[in-house]
Number of protein chains: 2
Amino acid sequence: MTKVNIKYLAAQLNMAPSTVSRALNDSYEISHATKAKVLALAKKLNYQPNPYARSLRAHSSKTIGVIIPERINNFFSQVIDGLESITQEYGYHLLVYNSHEDVEQEKKIISYLLGGRVDAIVMSVSSQTSDTQHLAQVQSQGIPIIFFDRIAQDIPTTKFTTNDFESGYLGTKHLLEQGCRKVFFLLLSKEITIGRERMKGYQKAIEESDLDFSEDWIIQCHQDENQNLELFKSLIYPIHRPDGIISSVEKLAITAYHAIRQTKLRIPEDIRLVSFSNMKIADLLQPPLTTISQPAHEIGVQCGQLLMKKLIKKNQPDLPNTLITIPSTIQVRTSSFLKP
Amino acid sequence: MTKVNIKYLAAQLNMAPSTVSRALNDSYEISHATKAKVLALAKKLNYQPNPYARSLRAHSSKTIGVIIPERINNFFSQVIDGLESITQEYGYHLLVYNSHEDVEQEKKIISYLLGGRVDAIVMSVSSQTSDTQHLAQVQSQGIPIIFFDRIAQDIPTTKFTTNDFESGYLGTKHLLEQGCRKVFFLLLSKEITIGRERMKGYQKAIEESDLDFSEDWIIQCHQDENQNLELFKSLIYPIHRPDGIISSVEKLAITAYHAIRQTKLRIPEDIRLVSFSNMKIADLLQPPLTTISQPAHEIGVQCGQLLMKKLIKKNQPDLPNTLITIPSTIQVRTSSFLKP
DNA sequence: ACAAGACACGGAAACGTTTCCACAATTAAA
DNA sequence: TTTAATTGTGGAAACGTTTCCGTGTCTTGT
């Protein structure tokens, strides 16, 4: 039960701690014989180096902080899986936090992470985040930060998104081609960039059509699911209801399904629906949901690769201030498609 | 850009590092005047204590390791959310790992975690895990470990599960009541405890009936989805196909939906289906899926509470070797229910 | 045979905290 | 007034690594 550390090994072997350390790290200045002895004892006693002593000494924690706005969401889980697939190869660990779409929570997490607990941060900002001062502070401490999906535009670093504008455009275009004359756009929050980009794509598609767009076609939704349900029901009940809906996030599409079902309307006969979503089982829904799905795993992988390149070697340049776009794919299913 | 640490603060204030440290920790032996001065400068220079120096000194990392067999799964995400809701109150951090249902991966993760990187481990074992020697080693190092859902029975510690036996029994009973005469049980792996428990419940329900059970009603599934799909199609194609299926995990139920759809059979008319699942949108499936769903968030919360009680105070007793059961709830939907 | 380098290892400092121990200065008790 | 206790602070050690610097023993070339 006594902790087996380098000093203990050294004492057992009648060697200096420095020699043991070097042997364990396979240093060139240690003879094969000594290395063998050290490694044998280390294995026998099941020596495990203390990561904190190491971190303290090396000023690097081999840990990456990941902040996501919600955990119960396939998209984020896939991104983290992708990220982990890269980072674990290099012996990095993932500290994962859920901001619950709450800026205050986000700030709190960031403040935990300052002070060297992580070597870098990978995050998707909360939908409430407009002021990015707390994020700028991360950079000023010299901690690399990468944004994905929901990015903070004014922080100079690498950001990964999908082709949100284009996808919003294509998704809307698709609805118009199906004969929709009144297409609503479900927006989670004006703050988040992807919402805005997707909305702009939507707006462009609408502008190119001959429909007389009205501002109230863009639905600002709440965080609360029940509020959204009531809102949607009120929107689709009247005679002026939409015949098409494009949802910028999966959660809202789910609620839309519920609302439409409760009002006894039919998808796609009465209302056609398209949603951004990374749901695996979109094809099992009633009816199967037309999705615009993001290459989540790939995003995670690319975040990981970029980060490892930066962290593994010393004196690497800062992460370039660029926006990397990985295209989404639209998968047309029954929810938007009326067979002739 | 020079790191602001305690020594630096002390130099600026013309005090000893020990005084500064005590002031920051609000020690009773420091005067109010000094505390005020120190705190003011610390705030001004945005001092952040180095967590690794602290951990090294205190032999505690304020970090908990979480190991799950898959990330893209609502159940595990909910558990982690519940766990985090407790641990973050106490300033604990979560290091999350995905074992991808692979024992070797699991062992590797465990070995990372030994050596003090985490103060405790919360995990659900992989479906391949039968030998638990690597898990026993964790305890021998004095690191508390808690299992949930998929537990390692022979490790003496607290384990959280749901009433798997009972749920398996009730789910099967429900199918029998719907008139099923041949009910298959989908098993992910014989190794995992919950699979076994659920299966035993199934077996009891079958035994109590007048059906002539055959061992091949229990379907050992693969890890690979496509293999399962082919397997299921071969099982439901012949005339001796089942008229009821109970799936011990969500993933297999999804594949069963696909298989049944591809063979042009109907749920529930031809085959009635029940599954253990924490899917949020079971009611939106075609047809809505009858689920036995676990109180995932609550499991996480209870893991967290137990762990915090153990970790916050010194010299707490070991975690009791008990099995805590939190009941699942069955939600009957169309997939298993034939309206008269 | 002797200087010069290579080789193998030991000693000690450093990373940033916390805490044990010591010690003045002040206050309370005798 | 002397002694004892209290209060506020400083010095230094310790946590477990890694690494800088030093040093002694061998080899090698001249």
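Protein chains get the first letters and strands the later ones, always in sequence-line order, with residue 1 at the start of each. Just so you know, these numbers come straight off a predicted model, no measurement behind them.
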Requested in this report: Give a yes-or-no answer on whether the side chains of B:N5 and B:N50 include a donor-acceptor pair shorter than 3.5 Å.
Outcome: no
The contact string for nucleotides 4-10 of chain D, one letter per nucleotide 5' to 3', using protein heavy atoms under 4.0 Å with B, S and - for base, sugar-phosphate only and none, comes out as ----BBB
B:K35 meets the salt bridge (Lys or Arg N to Asp or Glu O under 4.0 Å) criterion, sequence neighbours left out, with B:D26
Worksheet item: Looking just at side-chain N and O atoms, do A:Q294 and A:D149 make a donor-acceptor pair shorter than 3.5 Å?
Response: yes
Pair A:T87-A:L307, side chain to side chain contact (heavy atoms under 4.5 Å, CB included): steps then yes or no:
CA-CA 9 Å; A:T87 54; A:L307 221 46; 5.8 Å; no
B:P69 meets the side-chain contact (heavy atoms from CB on, under 4.5 Å) criterion, sequence neighbours left out, with B:F76, B:S99, B:E101, B:S124, B:R150
Sorted by chain and residue number, the salt bridge (Lys or Arg N to Asp or Glu O under 4.0 Å) partners of A:E84 (sequence neighbours excluded) come out as B:R71
Hits for ring pair (Phe, Tyr, Trp, His ring centres under 6.0 Å) against B:Y52, two or more places apart or cross-chain, chain-then-number order -> A:Y52
So the contacted stretch of DNA chain C, first to last nucleotide with an atom under 4.0 Å from a non-hydrogen atom of chain A, runs from C:dA8 to C:dG16
